[in-house]
Amino acid sequence: MVVDISNRRSREAVEEDVQRLRDWLDKQLHLPHDVEHEILTAFVNGTKGLEIAKHKLDAYYSNRNRGAKLYDEITRDVNAQFRERSKAVNMFFLKNPTPEGYRVLFVTVNDCFDKAFDHPHEAARMLMMLELMMKKWPENTGACMIIDCTGVPSSIITMFSPTTLAASLNCFQDGYPIKLKGVLNINAASFIEFVANNLFKPILKAKLYERIKVVSEGASFLKQYMPLEILPSNYGGNDKSVAELNDEWLNILEENKEWFLLSTRQASDEKKRPPDSENTFGIDGTFRKLAVD
């Protein structure tokens, strides 16, 4: 990755667009109005323009109805049961971003993966992690994901819920203002590429699918994307160990428990959505005006 500062905008320009987005949001009767400044900032920084930010913001809240199981309050209640259901997978953000400022979500599996993997839970957990990234680092302009496939069984393809997979990926692609720069699968057996081609490719947009890399190499492969010193200590880096980082992020999720429960209720009210003939989510009337203010 090469640092690109050409698309970085001044704080003043970002704030102006955040205010425009807020003004537009206040006019949408079907969308929540009590959206935090950090979340609106993430939508401005994570998209290529205000029009896209508006469409994604609408989808972000309407998908809470369409993908209801992913946003269920019981599912998102970070308690002892939540932690128990998280035992199969380690999931955390590295302390330091890449030189470009991209946040890195790291995923590994534990020995109990075969027996304990709960796909609907992990899909909801990952969306929660991404939402927390937006809240903690609203200035972020990109992210990448590292998945260490060591220990992933060949039966993984049967362990996914097709409904959950489609719902979670569609929610992410349509409604999350996160520029995913790469999904790097390391230590991958040959069947991992089969899984990617048969499960993920039909759902993902072509541009995003092209950013999935599946390699048999270990952590050394990552040096072309980021300095190896930002990795966990298990991988030769200077960050904490995988176990420590996973526990730390489960604690961070729990610390934000009330925020998740409140934000989960911030779904669109489709009964109040104004009809239109263009299938533009009822918001075509304000797009052009706000875009040129």
Side-chain angles (χ1 to χ4, degrees), residues 59-60 63-78 81-93 104-133 143-176 178 180-216 242 246 249-250 253 260 264:
Y60 183 72
N63 281 337
R64 277 164 159 67
N65 298 312
R66 297 166 186 156
K69 290 185 178 180
L70 293 167
Y71 300 98
D72 181 85
E73 290 186 17
I74 296 176
T75 301
R76 292 185 154 220
D77 186 1
V78 188
Q81 185 180 23
F82 185 100
R83 288 176 177 270
E84 181 67 22
R85 297 174 74 184
S86 301
K87 289 177 67 174
V89 175
N90 300 307
M91 189 183 304
F92 50 87
F93 283 100
V104 181
L105 182 62
F106 207 105
V107 179
T108 73
V109 306
N110 289 318
D111 293 341
C112 61
F113 185 84
D114 279 5
K115 297 180 179 179
F117 180 61
D118 183 337
H119 182 220
H121 168 76
E122 295 300 351
R125 180 185 172 193
M126 183 168 289
L127 291 179
M128 292 169 70
M129 293 284 287
L130 295 174
E131 289 165 26
L132 199 53
M133 182 183 80
C144 61
M145 185 184 301
I146 299 171
I147 303 174
D148 186 347
C149 299
T150 302
V152 174
S154 58
S155 60
I156 183 67
I157 196 167
T158 66
M159 300 170 74
F160 284 111
S161 161
T163 302
T164 298
L165 186 66
S168 59
L169 291 179
N170 286 330
C171 284
F172 171 74
Q173 291 183 112
D174 296 340
Y176 284 65
I178 297 169
L180 195 57
K181 302 296 183 177
V183 180
L184 312 174
N185 296 270
I186 60 173
N187 296 312
S190 57
F191 64 80
I192 297 296
E193 191 162 0
F194 176 85
V195 171
N197 288 332
N198 287 273
L199 284 187
F200 291 85
K201 188 174 183 179
I203 302 172
L204 292 175
K205 296 174 182 177
K207 186 176 182 180
L208 184 55
Y209 181 76
E210 290 171 359
R211 293 178 179 172
I212 297 178
K213 306 297 181 185
V214 179
V215 299
S216 60
V242 165
N246 183 65
W249 275 91
L250 282 172
L253 287 174
F260 280 117
T264 294

Engineer: Do you know the tightest heavy-atom contact between Cys149 and Ala188?
Structural biologist: CB-CA, 3.9 Å

Engineer: In Å and rounded to the nearest 0.5 Å, what is the CD1 to CG distance from Ile157 to Leu199?
Structural biologist: 4.5 Å

Engineer: Specify the closest pair of heavy atoms between Ile178 and Met133, including all atoms of both residues, with the distance to one decimal.
Structural biologist: CD1-CE, 3.5 Å

Engineer: Output yes when a side-chain donor or acceptor of Thr264 lies under 3.5 Å from a complementary backbone atom of Phe260, and no otherwise.
Structural biologist: yes

Engineer: Let me see the working for Met128 and Val78 under side-chain contact (heavy atoms from CB on, under 4.5 Å), right down to the final yes or no.
Structural biologist: CA-CA 10 Å; Met128 292 169 70; Val78 188; 3.8 Å; yes

Engineer: Using a 3.5 Å distance criterion without hydrogens, assess whether the side chain of Asp77 forms a donor-acceptor pair with backbone atoms of Glu73.
Structural biologist: no

Engineer: Could you walk me through whether Val152 and Ile147 satisfy the side-chain contact (heavy atoms from CB on, under 4.5 Å) test, starting with their C-alpha distance in whole Å, then the side-chain angles of each, then the deciding distance to 0.1 Å, before giving a yes or no?
Structural biologist: CA-CA 10 Å; Val152 174; Ile147 303 174; 5.9 Å; no

Engineer: Are the side chains of Lys205 and Asp174 in touch, meaning some heavy atoms are under 4.5 Å apart?
Structural biologist: yes

Engineer: At what distance, to the nearest 0.5 angstrom, does OG of Ser216 lie from CD of Glu193?
Structural biologist: 10.5 Å

Engineer: Between Met129 and Leu253, is there a side-chain heavy-atom distance shorter than 4.5 Å?
Structural biologist: yes

Engineer: Do side-chain atoms of Asp118 reach the backbone of His121 as a donor and acceptor pair under 3.5 angstrom?
Structural biologist: yes

Engineer: In terms of side-chain geometry, is the basic nitrogen of Lys87 or Glu84 positioned less than 4.0 Å from the acidic oxygen of its partner?
Structural biologist: yes

Engineer: Evaluate the side-chain proximity of Met91 to Trp249: yes if any heavy-atom separation is below 4.5 Å, no if none is.
Structural biologist: no

Engineer: For Asp111, does the CG atom sit with more than 12 other heavy atoms under 6.0 Å from it, leaving out its own atoms?
Structural biologist: no

Engineer: Taking the side chain as every heavy atom from C-beta outward, state whether Thr108 and Thr150 have any pair of such atoms under 4.5 Å apart.
Structural biologist: no

Engineer: With rounding to the nearest 0.5 angstrom, report the CD to CZ distance, Glu122 to Phe113.
Structural biologist: 8.0 Å

Engineer: Answer yes or no: is there a donor N or O on one side and an acceptor on the other, between the side chain of Gln173 and the main chain of Ile203, under 3.5 Å?
Structural biologist: yes

Engineer: Ignoring hydrogens, what is the shortest heavy-atom contact between Cys112 and Ala88? Give both atom names and the distance.
Structural biologist: SG-CA, 3.9 Å

Engineer: With the side chain counted from C-beta on, respond yes when Met126 and Leu105 share a heavy-atom pair under 4.5 Å apart, and no when they do not.
Structural biologist: yes

Engineer: Please test Leu127 against Tyr176 for side-chain contact (heavy atoms from CB on, under 4.5 Å), starting from the C-alpha separation and ending with a verdict.
Structural biologist: CA-CA 9 Å; Leu127 291 179; Tyr176 284 65; 3.7 Å; yes

Engineer: Classify the ring geometry between Phe160 and Phe117 as parallel (under 30°), tilted (30 to 60°) or perpendicular (over 60°).
Structural biologist: perpendicular

Engineer: So, for Asn90 and Asn246, which heavy atoms are closest and what is the spacing to 0.1 Å?
Structural biologist: CA-OD1, 3.1 Å

Engineer: Just verifying a value: how many Å separate Ile156 CD1 and Thr158 OG1, rounded to the nearest 0.5 Å?
Structural biologist: 7.5 Å

Engineer: Please report the interatomic distance OG(Ser154) to CZ(Phe194), rounded to the nearest 0.5 Å.
Structural biologist: 11.0 Å

Engineer: Taking all heavy atoms of Tyr71 and all of Asn63, pick out the closest pair and write down the distance.
Structural biologist: CE1-O, 3.6 Å

Engineer: To the closest 0.5 Å, what do you measure between CD1 (Ile146) and CG (Leu184)?
Structural biologist: 6.0 Å

Engineer: Please report the C-alpha distance between Thr164 and Leu70 in whole Å, then the side-chain angles of each, then the deciding distance to 0.1 Å, and finally whether the side-chain contact (heavy atoms from CB on, under 4.5 Å) criterion is met.
Structural biologist: CA-CA 8 Å; Thr164 298; Leu70 293 167; 4.3 Å; yes

Engineer: Please tell me if the side chains of Arg125 and Val89 come closer than 4.5 Å, counting only heavy atoms from C-beta onward.
Structural biologist: yes

